[in-house]
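Scroll down for the structure; my scribbles are underneath it.
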Amino acid sequence: MRTSQPRLVQTVLAPIVFGVAVIALWQALITGLGIKAFILPAPFAIGAEFAGNLNNVASGMAVTGRNSLIGLIIGALFGITLAILAALARLLDEMVAPVVAALSVVPIVALAPVLYTMFGAGAETARQLVAALAVFVPVYFNTLKGLRQVRPVHRDLMRAYAVTSWQATRAVTLPTALPYVFTGLRVASSLAVISALIAEYFGGPVGGLGKSITSAASSSNYGLAWAYVLGSIILGLLFYCAALAVEKLVTRRSGG
């Protein structure tokens, strides 16, 4: 009981207290210095806009969240699969490494308009592919690193026991690589939301948080624009917490 209380304070209460303090300081600075809304709205004004437009914010979160989820699944599947193949074949790894490195520096600002031209401005495909690309890179590198963490002594031990390749993979390789895979997924979960959101700025269907932010800002409704930004933050946190929950569930079941 004594050990659980400090952990609860550290993980739950401390961030809440810090967040409340930041919001209070933010509100005080806006009020005291008379900062204009087009520079930075007050947090209470943002909260009021968020509550008053909750249905619109939730609708935008649903569109962006769906594109982010599809991109996360596609990018993760391709990243994990290619990493497994690269770990098995050194030649493939040497061929793929420069391509993945090049993909990691592709700017979304330049890629999104090209994809809209390819797939049409009325389709969500471009946004999903942008999210998938952002997810693919960290998942690939982290998975590949995890697959290479098995020590030679463990491999020799598996050979000494004359286990099959699948048994060695299940007993040694996968448990060793699993934390690295989920590290990549946790990073990628937030990147998927950010990438899909940025892709919405450069075209595509009407809908999503990115479009809503630009529309509100262009009409000088800065409080509403920041309310959509708040929705984006919440969506990113939901994706990250979901990835963390899946990691805890899988590691608990695997005995990690």
Side-chain angles (χ1 to χ4, degrees), residues 4-69 71-72 107-109 112 127 130-131 134-135 138 183 185-202 204 206-245 247-248:
S4 62
Q5 287 181 349
R7 186 174 301 175
L8 177 65
V9 172
Q10 183 178 0
T11 58
V12 178
L13 295 181
I16 292 176
V17 171
F18 178 75
V20 171
V22 169
I23 292 174
L25 178 61
W26 180 357
Q27 183 70 36
L29 289 175
I30 295 295
T31 304
L33 299 178
I35 299 175
K36 300 298 182 182
F38 68 89
I39 299 176
L40 182 65
F44 291 168
I46 296 172
E49 290 287 351
F50 183 86
N53 296 272
L54 188 58
N55 290 335
N56 294 331
V57 176
S59 177
M61 291 174 65
V63 174
T64 304
R66 182 173 62 251
N67 292 329
S68 303
L69 181 60
L72 179 62
I108 298 175
V109 176
R127 299 171 179 178
V130 167
V135 168
T183 298
L185 288 175
R186 275 190 276 113
V187 174
S189 62
S190 300
L191 286 178
V193 176
I194 295 171
S195 302
L197 185 69
I198 294 175
E200 292 170 356
Y201 281 93
F202 301 99
V206 177
L209 293 171
K211 282 287 187 181
S212 300
I213 292 171
T214 54
S215 298
S218 63
S219 60
S220 300
N221 195 342
Y222 302 108
L224 181 58
W226 276 86
Y228 285 116
V229 172
L230 177 59
S232 306
I233 295 171
I234 294 173
L235 183 62
L237 289 174
L238 287 175
F239 267 66
Y240 181 85
C241 291
L244 185 61
E247 178 183 4
K248 296 294 185 182

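Computation of the quantities below employed the complete heavy-atom set of this structure, encompassing side-chain atoms and omitting hydrogens, waters and symmetry-equivalent molecules. Since this is a predicted model, take the numbers as computed values, not measurements.
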Heavy-atom closest pair, residues R127 and G207: NH1-O, 3.3 Å
I46 side chain reached by W26 side chain, heavy atoms, under 4.5 Å: yes
Distance in Å, L235 CG paired with I194 CD1, rounded so as to fall on 0.5 Å steps: 10.5 Å
E200 side-chain N/O to L209 backbone N/O, donor-acceptor pair under 3.5 Å: yes
Over all atoms of both residues, closest heavy-atom pair of P138 and V187: CB-CG1, 4.3 Å
Min side-chain heavy-atom separation S232-I213 under 4.5 Å: yes
Note, N56 side chain near S212 side chain (heavy atom, < 4.5 Å): no
Heavy-atom check, side chain of I30 versus side chain of F44, under 4.5 Å: no
Donor-acceptor contact below 3.5 Å, side chain S195 vs main chain A192: no
Interatomic spacing from OG1 in T64 to NZ in K211 - rounded to 0.5 Å: 11.5 Å
From CD1 (I233) to CH2 (W226), nearest 0.5 Å: 7.5 Å
Least distance between heavy atoms, A131 atom then G71 atom: CB-CA, 4.0 Å
Student check: side-chain heavy atoms of I234 and F50 closer than 4.5 Å: yes
Pairwise side-chain contact, E49 with N221, heavy-atom cut-off 4.5 Å (strictly under): yes
Shortest non-hydrogen contact between S189 and Y240, atoms and distance: OG-CA, 3.5 Å
Heavy-atom closest pair, residues L191 and A134: CD1-O, 3.9 Å
Note, L69 side chain near F239 side chain (heavy atom, < 4.5 Å): yes
Nearest-0.5 Å distance, CG of residue L244 to NZ of residue K248: 5.5 Å
